[in-house]
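Read the structure below first, then the notes.
The figures here come from the full heavy-atom set of this structure, side chains too, leaving out hydrogens, waters and symmetry mates.
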Amino acid sequence: MEQDNDRLNLGAKKFNMWIFIFTSFMLFAAFTSGFIVYAGGSGHGLNVIMPQSFLYSTIVIVLSSGTLFLASRAARALQFDKQKLYLWITLGLGLAFFALQIYACYVLTYKMQIYFIDPNASRSFVYVFVGVHLVHIFAALLLLINTLIGTYRNIPQVKNMFKMEITSIFWHFLDIIWIYLYVFLLLNHN
């Protein structure tokens, strides 16, 4: 009976994650739509080349999705030492992504003189995209840390796999969202 309740509870949590992902997707779709509408006016283009650290952060987040996939595969194969290793690597890459994004904002602000409050709101959208994505990344890093802690506490395999699945769903979603935003910004930089 208790196992059935746990299974039902885990299913509800997974459903909540999908609802959160859907609402996050809609939020980013609304932001990019707002950008398109605003930038459609004359003289409202970005007119800026994106900092190189955005490219580096894109490579880092794609690598982190690969290491998280390897952690999930190791967990399914009951190779817990490999799972921990790949989770640590993913965490390091996630922190590197976060740092590269902050550095890109530094480059935009202090080297390129593009500020959050700008007469051309298209430029402000860059900060909104990055900022909201970083809030999501911060939440994903906390989720990743929680999953990593679970591997050290020797939780039941069902819960270990559930944590890996939820973390993977959210992390891969954020990977896809960042790639979408980066390509979107590259296509609209003029």
Side-chain angles (χ1 to χ4, degrees), residues 17-18 20-72 86-145 148 167-190:
M17 175 58 78
W18 282 111
F20 180 74
I21 284 174
F22 178 73
T23 57
S24 296
F25 170 76
M26 294 305 293
L27 178 68
F28 285 107
F31 286 149
T32 53
S33 295
F35 175 91
I36 290 168
V37 169
Y38 180 80
S42 62
H44 291 146
L46 275 174
N47 299 323
V48 66
I49 294 176
M50 291 297 111
Q52 198 70 15
S53 56
F54 279 156
L55 172 63
Y56 300 144
S57 66
T58 304
I59 293 167
V60 166
I61 201 166
V62 169
L63 289 173
S64 72
S65 275
T67 57
L68 189 57
F69 170 77
L70 293 172
S72 293
Y86 288 126
L87 284 173
W88 276 111
I89 294 170
T90 305
L91 181 62
L93 290 169
L95 292 170
F97 175 83
F98 200 91
L100 284 165
Q101 293 284 292
I102 297 296
Y103 180 72
C105 289
Y106 166 79
V107 169
L108 283 169
T109 304
Y110 295 105
K111 293 189 178 185
M112 300 173 80
Q113 304 296 310
I114 297 169
Y115 302 101
F116 175 67
I117 298 174
D118 193 294
N120 179 358
S122 294
R123 294 176 173 186
S124 300
F125 270 104
V126 175
Y127 289 99
V128 172
F129 295 153
V130 171
V132 173
H133 190 261
L134 283 179
V135 169
H136 283 78
I137 288 289
F138 182 74
L141 288 170
L142 293 177
L143 191 59
L144 187 61
I145 290 168
L148 188 57
T167 303
S168 294
I169 289 169
F170 191 42
W171 195 267
H172 296 314
F173 166 72
L174 292 177
D175 186 350
I176 292 166
I177 287 293
W178 175 251
I179 291 169
Y180 163 71
L181 290 173
Y182 181 60
V183 170
F184 180 82
L185 288 170
L186 287 178
L187 293 175
N188 290 289
H189 73 272
N190 285 333

(request) List the steps, then state whether side chain to side chain contact (heavy atoms under 4.5 Å, CB included) holds for Ile102 with Leu134. (result) CA-CA 9 Å; Ile102 297 296; Leu134 283 179; 3.7 Å; yes
[X] [atom1] to [Y] [atom2] distance, which is reported to the nearest 0.5 Å:
X      : Y      : atom1 : atom2 : answer
Phe54  : Leu181 : CZ    : CG    : 9.5 Å
Ser57  : His133 : OG    : NE2   : 9.0 Å
Ile179 : Leu174 : CD1   : CG    : 11.0 Å
Ile61  : Asp175 : CD1   : CG    : 5.0 Å
Leu185 : Tyr182 : CG    : OH    : 9.0 Å
Asn188 : Ile36  : CG    : CD1   : 6.5 Å

(request) Would you name the heavy atoms of Phe125 and Gly34 that are closest together and state the gap between them? (result) CZ-C, 3.6 Å
(request) Specify the closest pair of heavy atoms between Ala104 and Pro51, including all atoms of both residues, with the distance to one decimal. (result) O-CG, 3.8 Å
(request) Name all residues meeting the side chain to side chain contact (heavy atoms under 4.5 Å, CB included) criterion together with Leu148; count only those two or more places apart in sequence or in a different chain, and write none if there are none. (result) Leu87, Trp88, Leu91, Thr151, Tyr152
(message) I'd like to check the side chain to side chain contact (heavy atoms under 4.5 Å, CB included) partners of Phe22; sequence neighbours left out, ordered by chain and number.
(response) Met26
(message) How about OH on Tyr180, more than 12 heavy atoms from neighbouring residues, nucleotides or ligands closer than 6.0 Å, or not?
(response) yes
(request) List the steps and the verdict of ring pair (Phe, Tyr, Trp, His ring centres under 6.0 Å) for Phe28 and His136. (result) CA-CA 11 Å; Phe28 285 107; His136 283 78; 5.4 Å; yes
(request) Quick one: do Tyr127 and Thr109 satisfy side-chain hydrogen bond (donor to acceptor under 3.5 Å, both in side chains)? Show the steps, please. (result) CA-CA 10 Å; Tyr127 289 99; Thr109 304; 2.7 Å; yes
(message) Between Thr67 (side chain only) and Ser64 (backbone N and O only), is there a donor and an acceptor less than 3.5 Å apart?
(response) yes
(request) Begin with the C-alpha distance, continue with both residues' side-chain angles, and end with the deciding distance and a verdict on side chain to side chain contact (heavy atoms under 4.5 Å, CB included) for Val126 and Met50. (result) CA-CA 9 Å; Val126 175; Met50 291 297 111; 4.2 Å; yes
(request) Please report the C-alpha distance between Met17 and Phe173 in whole Å, then the side-chain angles of each, then the deciding distance to 0.1 Å, and finally whether the side chain to side chain contact (heavy atoms under 4.5 Å, CB included) criterion is met. (result) CA-CA 11 Å; Met17 175 58 78; Phe173 166 72; over 6 Å; no
(request) Sort out for me which residue in Phe35, Phe31, Trp178 forms a ring-ring contact (aromatic ring centres under 6.0 Å, His included) with Phe184. (result) Phe35
(request) Please test Cys105 against Val130 for side chain to side chain contact (heavy atoms under 4.5 Å, CB included), starting from the C-alpha separation and ending with a verdict. (result) CA-CA 8 Å; Cys105 289; Val130 171; 3.7 Å; yes
(message) What I'd like to find out is whether the side chain of Leu68 reaches to under 4.5 Å of the side chain of Leu144, using heavy atoms alone.
(response) yes
